[in-house]
Amino acid sequence: MSDPTMKAVLFDRYGAPDVLYVGRRPRPAPGPGEVLVRVRAFSVNGGELAARAGRVRLLTGRRFPQRVGLDLTGEVAGLGAGTTGFTAGDRVWGVLGRTSGFGSAAEYVAVPAERLGQVPAGLDLVAAAALPVATTAVTALGDKAGLRPGERLLVRGAAGGVGNAAVQLGRALGAEVTALARAANLDFVRDLGAHEALDHRAVTPAGLGRYDVIVDTAGSDLTAHRRLLAPGGRMVTIAFDLSRPVASLGAIAASAVHGSSRIRFFSGNPLRADLDALARHVEAGELRPAVDTVFPLKETAAAHRALEAGGVRGKYVVRVD
Ligand SMILES: NC(=O)c1ccc[n+]([C@@H]2O[C@H](COP(=O)([O-])OP(=O)(O)OC[C@H]3O[C@@H](n4cnc5c(N)ncnc54)[C@H](OP(=O)(O)O)[C@@H]3O)[C@@H](O)[C@H]2O)c1
């Protein structure tokens, strides 16, 4: 009989990356409408670091072991009752839902079918793991900000997981892109397509220009950056400062008086249509995976440590062999 368990990355208490270890959990069985995915890779996301460190324990609770991993690429290994749209062996990608929490850092995961899409042909499944969260950039620039050709776009956190995709897409959509990143990453963001790259630690908001669209992945100084909007401008943030949550949420709420030029916060929840839109951007050559380093599963803690240290170029990806 095949092994009913699988490897999964777990932690038994909140803390530094060292709390992560590879343990064994029961292999999930796909429920009705779900797909069992043999995971090939996942990436490390900023939000997971906060969860692992216990900075959002009001949401993550006190039950252990807990899991990590939010996005995934892999192959369909089984279908739950009534699940349609996929067949065994399909190459898929997706992001786990708000209610299912973390858990893609494992050999297998059961995912609602509507949360998965087909990976474009020819795209390596390990590299492709850098892309599912790029759906956040697609939504930010599209539905949320309505970026138009010729507009001036400012991307904060431009070298990061979401930011690198915002730079690539902004350029592809015909915007004039200014990227804020650390000095060591300025060439990287220029290579992604930024027309202008500025060291975020050397400029203050007052030293920046006027922008039609601002995509913020840093979450700090939101009000000062909102003031950079040109008339009719739109600002989208996907982050807020966890060290000052009340101030960040207050800034977002207070900006409502500015109407369409308020600070728009949103939380991505990508479904099949979003993943298909992502695939079309990849197929059109508008978006490519930016992989900083690939780690093996047993070094997931090192991947967390690397992201926490700062300076990422795109995504840290973890391979599940
Ligand atoms: N709402 C949503 O749907 C959603 C989806 C995905 C992520 N998020 C959140 O968005 C944030 C970014 O996620 P991510 O995965 O892209 O993280 P990431 O890969 O760690 O990227 C964050 C980037 O922000 C940069 N940065 C930090 N402080 C900055 C500052 N003051 N000015 C300009 N840039 C700064 C970092 O640069 P250095 O490395 O040089 O410091 C890094 O490149 C996280 O808080 C995450 O939880 C939200």
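For ligands, and for the atoms within them, numbers begin at 1 and follow the listed sequence. What you are looking at is a predicted structure, and each value in this text was computed from that prediction instead of being measured.
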- prompt: Going by distance alone, is a donor N or O of one side chain under 3.5 Å from an acceptor N or O of the other, for Arg262 and Ser255?
  reply: no
task: Among all protein heavy atoms, pick out the one at the shortest distance from atom 43 (O) of ligand 1; state its residue, atom name and that distance to 0.1 Å.
output: Gly160 N, 3.3 Å
query: Contact between Phe240 and ligand 1, counting heavy atoms under 4.0 Å?
result: no
- prompt: Which atoms of ligand 1 sit under 4.0 Å from any heavy atom of Gly311?
  reply: 38 (P), 39 (O), 40 (O)
message: Yes or no, since that's all I need: does a protein heavy atom fall within a distance strictly under 4.0 Å of atom 36 (C) of ligand 1?
response: no
- request: Let me see the working for Tyr21 and Phe11 under ring pair (Phe, Tyr, Trp, His ring centres under 6.0 Å), right down to the final yes or no.
  value: CA-CA 6 Å; Tyr21 66 94; Phe11 60 102; 8.8 Å; no
task: Using a strict 4.0 Å threshold on nitrogen-to-oxygen distance, state whether Arg156 and Asp216 make a salt bridge.
output: yes
message: Do Leu275 and Trp93 have side chains that approach each other closer than 4.5 Å (heavy atoms only, starting at C-beta)?
response: yes
message: Side chains of Asp241 and Ser248: any donor to acceptor distance under 3.5 Å?
response: no
- line: Counting from 1 in the order shown, the ligand 1 atoms closer than 4.0 Å to a non-hydrogen atom of Thr136 are 3 (O), 5 (C)
field: Polar contact flag for Ile238 and ligand 1 (N/O pairs, less than 3.5 Å)
entry: yes
query: In ligand 1, which numbered atoms sit nearer than 4.0 Å to a non-hydrogen atom of Gly47?
result: 46 (C), 47 (O)
- request: Number the atoms of ligand 1 from 1 as they appear, then name those within less than 4.0 Å of a heavy atom of Ala239, with their elements.
  value: 10 (O), 11 (C), 45 (O)
query: Would you call Asp212 and Arg148 a salt bridge, using N to O less than 4.0 angstrom?
result: no
task: Go through ligand 1 atom by atom and flag the ones less than 4.0 Å from a non-hydrogen atom of Gly310.
output: 39 (O)
task: Starting from atom 1 (N) of ligand 1, locate the nearest protein heavy atom and write down its residue, its atom name and how far away it is, to 0.1 Å.
output: Phe266 O, 2.8 Å
message: Applying a heavy-atom cut-off of 4.0 Å, say which part of Leu307 lies close to ligand 1: side chain, backbone, both or neither.
response: side chain
- request: Please say whether Asn185 places an N or O atom under 3.5 Å from an N or O atom belonging to ligand 1.
  value: no
message: Taking 4.0 angstrom as the limit and counting only heavy atoms of Gly46, give me the atoms of ligand 1 inside it, by number and element.
response: 15 (O), 47 (O)
- request: Determine, for Tyr211 and Arg152, whether the Lys NZ or Arg CZ falls below 6.0 Å from the six-membered ring centre while staying within 45 degrees of the axis.
  value: no
query: Atoms of ligand 1 less than 4.0 Å from Ser267 heavy atoms?
result: 1 (N), 2 (C), 3 (O)
- prompt: Do Arg67 and Phe102 meet the cation-pi criteria used here (NZ or CZ under 6.0 Å from the six-membered ring centre, within 45° of the axis)?
  reply: no
task: Show which atoms of ligand 1 fall inside a sub-4.0 Å distance from at least one heavy-atom site of Gly268.
output: 1 (N), 2 (C), 3 (O)
- request: Identify the two heavy atoms, one from Gly15 and one from Arg52, that lie closest to each other, and give their separation to 0.1 Å.
  value: O-NE, 2.8 Å
query: Nearest protein heavy atom to atom 6 (C) of ligand 1, by residue and atom, and its distance?
result: Val162 CG2, 3.7 Å
field: For atom 24 (O) of ligand 1, the option (of Ala179, Gly157, Ala159) bearing the nearest heavy atom
entry: Gly157
message: With a 4.0 Å cut-off on N to O distance, would you call Glu75 and Arg40 a salt bridge?
response: yes
query: Between Arg319 and Asp321, is there a side-chain N and carboxylate O pair less than 4.0 Å apart?
result: yes
message: Give me the residue, atom name and distance of the protein heavy atom closest to atom 41 (O) of ligand 1.
response: Arg182 NH2, 3.3 Å
query: Would you call Glu151-Arg234 a salt bridge at under 4.0 Å N-O?
result: yes
- prompt: Of all the non-hydrogen atoms in the protein, which one sits nearest to atom 31 (N) of ligand 1, and at what distance?
  reply: Arg156 NH2, 3.6 Å
query: How close does the nearest protein non-hydrogen atom get to atom 30 (C) of ligand 1, and which residue and atom is it?
result: His200 ND1, 3.5 Å
field: Nearest non-hydrogen protein atom, atom 18 (P) of ligand 1
entry: Gly161 N, 3.9 Å
query: Does the side chain of Thr60 pick up a donor-acceptor pair with the side chain of Tyr14 at under 3.5 Å?
result: yes
query: Who's closest to atom 12 (C) of ligand 1 heavy-atom-wise, of Leu180, Asp221, Val312, Thr217?
result: Thr217
